[in-house]
Amino acid sequence: MRDAVLAGHRGDAEGADRLAGHDDPAVRAAALAALARAGALEADRLVAALSDPAPLVRRRACALAGRAVRDAPDAAVVEALGRALATDPDASVVESAAWALGEAGAACGDSQVEGLCAVAAGHGDALCREAAVAALGAIGDPAALDTVLGATGDVAAVRRRATIALAAFEGPRVDEALRAGLTDRDWQVRQAAEDLLGRQGGA
């Protein structure tokens, strides 16, 4: 793994590329990061890494994909992230894919938004639901409003994220949810609701 890390710091794309097919998942993950650092991580490599047998590699691919699509959205990468979100059996990968789709923002299409809504509303892992709600807030697609409003009734961490995500939406239902948030048992939810209502009042 040391060689893969050094390849990234030296800008040695060729060396990192050789290590990207290593038997050790930790080396493959480090090689991906090295390719990114060297400016040589292509979209097709990212797409392939998102279906790597090892969750460690898939998580690293999600993280790198999130940074990549934030700077230069690529439809194939966004679609691959959507597949990972919908089908990956590892919750940590689903969480990472949700974060990456949030970074993609407006580059997400209907299928990615639908996938995020499904995770936000029904995934068994609260961290995945929280990440999906955050992504929906970052994307701001009106089709996600019902899901975000529903998440204001989830566990505290998800409620906080949902309340913050409401900043991307508007209308009477949003105002009602924010007013309800003022009496939430979690103080961070109350604070977020107060801040957003205050911002609306100031506007």
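Scope of the values below: all heavy atoms of this structure, side chains included, with no hydrogens, waters or symmetry mates. All figures in this text were calculated on a predicted structure; none of them were measured in a lab.
When only modelled atom types and interatomic distance are considered, Ser92 and Arg59 share a side-chain donor-acceptor pair under 3.5 Å.
With respect to Asp186, the side chain to side chain donor-acceptor pair (under 3.5 Å) criterion is satisfied by exactly one of Arg159, Gln191, Arg160: Arg160.
Note that CG of Leu197 is 7.0 Å distant from CG of Asp175, once rounded to the nearest 0.5 Å. We find the CD-CG distance between Glu103 and Leu101 to be 10.0 Å, quoted to the nearest 0.5 Å. Here Ser51 contributes atom OG and Arg83 contributes atom CZ; the two are 8.0 Å apart, rounded to the nearest 0.5 Å. Separation of atoms CG (Asp184) and CG (Leu178) is listed at 11.5 Å; rounding is to 0.5 Å. Rounding to the nearest 0.5 Å gives a distance of 9.5 Å between CZ of Arg190 and CG of Leu182. Note that the CG atom of Leu136 and the SG atom of Cys117 stand 4.5 Å from one another [nearest 0.5 Å].
Dense packing is recorded around CG of Asp71, with more than 12 heavy atoms of other residues, nucleotides or ligands lying under 6.0 Å away. Atom CD of Gln188 has more than 12 neighbouring heavy atoms from other residues, nucleotides or ligands inside a 6.0 Å radius. When the shell of 6.0 Å around CZ of Arg161 is examined, it contains 12 or fewer heavy atoms from other residues, nucleotides or ligands.
Closest of all the heavy-atom pairs between Asp90 and Pro55 is OD2-CB, 3.5 Å. Here the closest heavy-atom approach between residue Ala167 and residue Leu196 is recorded as CB-CD2, 3.6 Å. In plain terms, the two heavy atoms of Ala33 and Leu64 that are nearest each other are N-CD1, 3.8 Å. Taking all atoms of both residues into account, the shortest heavy-atom contact from Ala91 to Cys128 is O-SG, 3.2 Å. Between Pro25 and Ala54 the shortest heavy-atom distance is CB-CB, 3.5 Å. The shortest heavy-atom contact between Ala120 and Asp154 is O-OD2, 4.5 Å.
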Note to self: Assess the residue pair Asp88 and Leu50 against the criterion (side chain to side chain contact (heavy atoms under 4.5 Å, CB included)); give the C-alpha distance rounded to whole Å, side-chain angles, the decisive distance to 0.1 Å, and a yes or no.
What the structure shows: CA-CA 9 Å; Asp88 202 286; Leu50 285 166; over 6 Å; no
Next item on the list: Apply side chain to side chain contact (heavy atoms under 4.5 Å, CB included) to Asp141 and Glu114, showing your working.
Entry: CA-CA 10 Å; Asp141 190 315; Glu114 289 170 6; over 6 Å; no
Item checked: Evaluation steps, salt bridge (Lys or Arg N to Asp or Glu O under 4.0 Å), between Asp146 and Arg173 -> CA-CA 9 Å; Asp146 284 345; Arg173 297 169 68 208; 2.6 Å; yes
Check: Given the rule in the side chain to side chain contact (heavy atoms under 4.5 Å, CB included) test, do Val47 and Asp74 qualify, once you have shown the distances and angles that lead to the verdict?
Finding: CA-CA 10 Å; Val47 170; Asp74 183 282; 5.8 Å; no
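Formation of a donor-acceptor pair under 3.5 Å by the Arg60 side chain with backbone atoms of Ala29 is found in this model. Not one N or O on the side chain of Glu79 forms a donor-acceptor pair closer than 3.5 Å with the backbone of Ala76. Checked by atom type and distance alone, the side chain of Arg58 pairs as donor or acceptor with a backbone atom of Asp52 at under 3.5 Å.
Cluster membership check: Leu56 does not share its hydrophobic cluster with Leu85, using side-chain heavy-atom separations under 4.5 Å among Ile, Leu, Val, Met, Phe, Trp and Tyr. Hydrophobic clustering, with ILVMFWY side chains joined whenever heavy atoms are under 4.5 angstrom apart, keeps Ile164 apart from Val148. Val94 and Ile139 fall within a single hydrophobic cluster, where Ile, Leu, Val, Met, Phe, Trp and Tyr side chains are chained together by heavy-atom contacts under 4.5 Å. Val77 and Trp99 are members of different hydrophobic clusters when ILVMFWY side chains are connected at heavy-atom separations under 4.5 Å. There is no path of hydrophobic side-chain contacts, each under 4.5 Å, that joins Val189 to Leu145.
In the hydrophobic clustering, Val158 connects to Val133, Val155, either directly or through intervening members, whenever side-chain heavy atoms lie under 4.5 Å apart.
For Asp44, the side chain to side chain contact (heavy atoms under 4.5 Å, CB included) test picks out Glu42, with sequence neighbours left out. Under the rule for a side chain to side chain contact (heavy atoms under 4.5 Å, CB included), the partners of Ala49 that lie at least two apart in sequence or sit in another chain are Leu32, Val57, Ala61.
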